Participant: 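Shown below is the structure under consideration.
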Amino acid sequence: GLLAGAVTDRRDALLVGAFAPTDMHYLSRASAFGTRWDWFLEALKMVPIYRRRDGFETLSRNRAIFRRQREKLREGNALLMFSETEHALTYHLRPLSRGSARFALETRAAIDDEVLLVPVGINYYHLQRPGFKVSVIVGEPIPVSAYDEQYAEDTARCINALRSDLASRMKECLLLPNKPADYRQRLDFINRKNEHLPFPDMKRALENVGVEKGAESLTRLAPKGPYRPGLDRLSRWIDALNAPPVWGMQRMMSWVQDSAFAASLKFATGMLVLPVWWMLLAGLGWAAHSLTAGLILAVTAMGTVMLRR
C-alpha cells in the first residue's frame with residue numbers, strides 16, 4: 001500500500017515504520033542526501049526525491065526511483081509519502097501537494113493491480129518535548145481503482161479529486177485538522193492531563209470546545225495550566241550529570257535553521273549520544289572508585305532525564 005502522512009519532522013517516518021506490519025520505504029527530499037551520512041539514510045530505507053528547487057536537471061532521476069518503488073509495491077511492500085506541501089510544528093492539516101495522488105494513479109496504471117492509498121495522522125501531545133503521548137492513526141484506505149474511469153477521461157481533474165478525498169480522510173486521523181479562530185485555545189487542551197483519553201474521544205472533545213448544551217459544556221478536557229518557570233530551572237539543575245551532551249545538543253540546535261527538525265535532533269541525541277555518555281559515566285565511576293559507584297552514577301544520570309520530563 002501507499003501511505004500518505006502529515007509531516008511534522010523526521011521522527012514521523014520512524015514512528016510509522018515502527019508499527020508497520022510490512023517492509024516499508026520512505027520518500028524524502030533529496031536535499032537530505034549528498035553527505036557522508038547517506039549510508040545511514042539508506043539503512044533507514046529512505047529514498048531521495050528531487051524537486052524543482054534541486055535543479056531541473058535532477059528531476060529526470062525521479063523516473064528510475066519511481067520505477068523501482070512501483071516494483072516494490074507490486075511485491076507487496078509499502079511506501080510512505082508525506083503529502084503536505086510543507087512541514088511545520090503545527091497540528092492542523094496543511095495544503096496537500098498533487099504528488100501522492102499523481103503517484104498513486106500512475107502506479108495503478110503501470111502495475112495493473114490494486115493500489116491502496118492509506119491516510120496516516122501523527123498526533124503529538126507535545127511537539128518538542130520527550131515523554132509525551134503520540135497517537136499514530138491509520139485511516140480508511142482509498143482504493144485507487146475506483147478512479148480508473150475518471151483518470152482515463154480527465155487526468156488532471158482526477159488527480160485533484162483524489163487529492164481532495166485524501167485530505168478528507170487525513171483530517172479524520174488528526175486531532176485538530178483545521179485552524180478555527182480559537183485554534184490556540186484548543187491547542188491548550190492537548191496536554192499530558194488528557195493523555196488518558198482514546199483518540200476518538202479526544203478528537204470529539206476538541207471539536208466541542210466552547211460548545212454548550214443547555215447549562216452543561218460538552219467538553220470536560222483539562223487545560224494545560226500556567227507555565228511554572230521555577231520547575232523549569234529546577235529541572236536544569238537536576239540534570240547536571242547530563243550537562244555535556246545536553247549542551248552539545250543545544251549548540252547543534254542553534255545551527256539548525258529549520259525549527260521543525262529540532263525535535264528530531266533531540267531524538268537523535270537521546271537515542272545515540274546519551275547511552276554512550278552513560279557508559280562513559282559508569283566507566284569513570286568504576287575507574288575512580290568502584291563498579292558499584294560507576295553504576296550508581298550512570299543510573300542517577302538516567303533517572304534525572306526521566307525527572308526532567
Side-chain angles (χ1 to χ4, degrees), residues 1-7 10-33 38-52 54 57-85 96-122 136-170 172-173:
L2 181 61
L3 283 75
V7 60
R10 298 183 194 273
R11 296 172 298 170
D12 298 350
L14 297 177
L15 283 169
V16 176
F19 296 99
T22 185
D23 190 29
M24 179 178 294
H25 287 74
Y26 315 91
L27 297 186
S28 179
R29 59 186 188 180
S31 58
F33 292 77
D38 283 3
W39 63 270
F40 182 68
L41 300 180
E42 291 170 1
L44 294 176
K45 299 185 178 180
M46 295 175 63
V47 181
I49 291 298
Y50 297 89
R51 300 170 295 176
R52 289 187 179 90
D54 300 315
E57 68 280 1
T58 65
L59 295 179
S60 59
R61 302 178 190 176
N62 287 336
R63 287 195 291 269
I65 292 172
F66 287 151
R67 185 168 58 251
R68 288 194 296 269
Q69 296 310 312
R70 288 189 180 107
E71 285 303 313
K72 293 183 182 297
L73 288 172
R74 189 199 298 271
E75 295 168 2
N77 296 324
L79 178 67
L80 176 63
M81 301 179 71
F82 291 109
S83 304
E84 293 172 307
T85 55
L96 302 190
S97 70
R98 291 158 52 94
S100 296
R102 179 188 293 111
F103 181 76
L105 291 164
E106 290 177 351
T107 299
R108 161 68 182 162
I111 69 176
D112 193 27
D113 199 356
E114 183 62 274
V115 174
L116 295 178
L117 188 54
V118 184
V120 179
I122 303 173
V136 180
I137 306 300
V138 179
E140 187 70 22
I142 301 174
V144 180
S145 60
Y147 297 81
D148 284 351
E149 185 175 341
Q150 187 178 2
Y151 185 64
E153 294 176 354
D154 191 330
T155 300
R157 182 172 294 182
C158 182
I159 291 174
N160 288 333
L162 180 53
R163 176 177 61 173
S164 177
D165 293 343
L166 175 61
S168 297
R169 295 285 180 93
M170 290 177 71
E172 295 173 0
C173 303

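Note that the structure is a prediction, hence the values are computed from the model and not measured. Index from 1, following the sequence.
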Participant: CD of Glu114 to CG of Leu73: how many Å apart, nearest 0.5 Å?
Facilitator: 12.0 Å
Participant: Using the ring pair (Phe, Tyr, Trp, His ring centres under 6.0 Å) criterion, which residues pair with Phe66? Sequence neighbours excluded.
Facilitator: Phe103
Participant: Quick one: closest heavy-atom pair of Ala104 and Val144, and the distance?
Facilitator: O-CG1, 3.8 Å
Participant: Atom NZ in Lys72, atom NE2 in His25: separation rounded to 0.5 Å?
Facilitator: 4.0 Å
Participant: Which heavy atom of Val118 sits nearest to which heavy atom of Pro141, and what is that distance?
Facilitator: CG2-CB, 4.1 Å
Participant: What I'd like to find out is whether the side chain of Val120 reaches to under 4.5 Å of the side chain of Cys173, using heavy atoms alone.
Facilitator: no
Participant: Compare every heavy atom of Leu116 with every heavy atom of Pro143, then report the nearest pair and how far apart it is.
Facilitator: CA-CD2, 3.8 Å
Participant: Among all residues two or more places apart in sequence or in another chain, which pass the salt bridge (Lys or Arg N to Asp or Glu O under 4.0 Å) test with Arg70?
Facilitator: Glu106
Participant: Using the salt bridge (Lys or Arg N to Asp or Glu O under 4.0 Å) criterion, which residues pair with Asp148? Sequence neighbours excluded.
Facilitator: Arg108
Participant: Roughly how far apart are Leu117 CG and Arg169 CZ, rounded to 0.5 Å?
Facilitator: 9.5 Å
Participant: How long is the span from the CE atom in Met46 to the CG atom in Leu80, to the nearest 0.5 Å?
Facilitator: 10.0 Å
Participant: Ion pair present between Arg74 and Glu71, side-chain N to carboxylate O less than 4.0 angstrom?
Facilitator: yes
Participant: To the nearest 0.5 Å, what is the distance between CG (Leu162) and OH (Tyr151)?
Facilitator: 11.0 Å
Participant: Given side-chain contact (heavy atoms from CB on, under 4.5 Å), test Ile142 with Tyr147 step by step and report yes or no.
Facilitator: CA-CA 10 Å; Ile142 301 174; Tyr147 297 81; 3.7 Å; yes
Participant: Under a 3.5 Å distance rule, please check whether Asn62 uses its side chain to pair with a backbone N or O of Ile49 as donor and acceptor.
Facilitator: no
Participant: How long is the gap from OG on Ser145 to CG on Leu105, to the nearest 0.5 Å?
Facilitator: 10.5 Å
Participant: What are the two closest non-hydrogen atoms of Arg163 and Ser97, and how far apart are they?
Facilitator: CD-O, 3.3 Å
Participant: Please indicate whether Arg98 has more than 12 foreign heavy atoms, meaning atoms of other residues, nucleotides or ligands, lying under 6.0 Å from its CZ.
Facilitator: yes
Participant: Are a donor atom and an acceptor atom from the side chains of Asn160 and Arg157 found within less than 3.5 Å of each other?
Facilitator: no
Participant: Taking the side chain as every heavy atom from C-beta outward, state whether Arg68 and Val47 have any pair of such atoms under 4.5 Å apart.
Facilitator: no
